[in-house]
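Each remark here refers to the structure printed beneath this line.
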2 protein chains.
Amino acid sequence: MDQFARTTKDLGAVLRRARKAQNLTQEQLADRAGLWQRTVSNIETSASGAKLDTIFDLLAALDLEIRIVPRSKMTPADIEDIF
Amino acid sequence: MDQFARTTKDLGAVLRRARKAQNLTQEQLADRAGLWQRTVSNIETSASGAKLDTIFDLLAALDLEIRIVPRSKMTPADIEDIF
DNA sequence: CAGGTTTATGATCCGCAAGGCATATTGACA
DNA sequence: TGTCAATATGCCTTGCGGATCATAAACCTG
């Protein structure tokens with residue numbers, strides 16, 4: 001179940017899922033990333049068009065990375081859905 | 001050859017490769033994305049910690065999207081390299 | 001090497017994210 | 001339902017990205 005994102009909204013949702021999957025509160029994550037709970041909240045709810053640097057701080061704190069792929073590429077899950 | 005990024009520098013390089021792969025100049029891409037050539041240049045050279053929204057504008061113009069994956073995960077290509 | 005195209009960069013203005021601190025809301029659970 | 005943890009949000013300041021106008025520097029290519 002690969003997470004993909006095309007908008008800040010998508011990304012906020014993905015980050016929230018990832019944080020919860022690691023059982024972290026916004027504050028714990030913020031501490032790890034050297035940010036503020038306020039900022040984490042803003043990003044997860046896409047209440048603000050965050051800065052790229054901030055996102056990478058969060059990704060690092062969550063031990064995640066980004067892959068850039070063509071848009072229309074179907075995922076294995078999509079293909080399964082056809083059959 | 002999946003492109004991944006952990007820093008703005010990485011992402012700038014990936015975007016530049018993607019743009020060249022589509023034979024676009026910075027100006028053409030900027031037009032498509034509703035940005036300025038100046039901005040595209042800044043992002044590709046990571047001369048500035050861009051805004052997330054701007055990145056998504058570029059990705060859309062290049063018909064790309066982002067996938068968020070665990071850091072240490074090996075790619076199929078990596079696995080092939082072993083054998 | 002000259003001339004044109006592509007990319008980098010100077011300078012100013014404006015808007016907004018994040019820093020910083022506090023409080024209000026919401027959510028979960030005994 | 002009362003209570004504590006977790007999340008959302010109000011406010012002010014400061015720093016910096018992007019818009020917008022340039023021009024300079026680098027890169028092809030004949």
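These figures come from a predicted structure and were not determined experimentally. In the text below, chain A, chain B and the rest are named by the order of the sequence lines, each starting its count at 1.
Note that CG of A/L11 and OG1 of A/T8 are 7.5 Å apart. Values are rounded to the nearest 0.5 Å. For the atom pair CD1 (A/I55) and CD1 (A/I43), the distance works out to 4.0 Å, reported to the nearest 0.5 Å. Here the CG atom belonging to A/L62 is positioned 6.5 Å from the CG atom belonging to A/L24, to the nearest 0.5 angstrom.
Per the geometry, CG belonging to A/L29 stands 15 Å off C1' belonging to C/dA18, to the nearest Å. As a whole-Å value, the separation of B/N23 CG from D/dC28 P is 13 Å.
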Next on the checklist: Strictly under 4.0 angstrom, non-hydrogen atoms only: write out the protein contact profile of nucleotides 6-18 of chain D, one letter per nucleotide from the 5' end, B, S or -.
Outcome noted: SBBBBB-----SS
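With contacts defined as side-chain heavy-atom distances shorter than 4.5 Å, the pair A/V69/B/E65 qualifies.
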Checklist entry - Hey, mind stepping through A/V14 and A/R17 against side chain to side chain contact (heavy atoms under 4.5 Å, CB included) and telling me if it holds? => result CA-CA 5 Å; A/V14 169; A/R17 278 198 295 275; 3.7 Å; yes
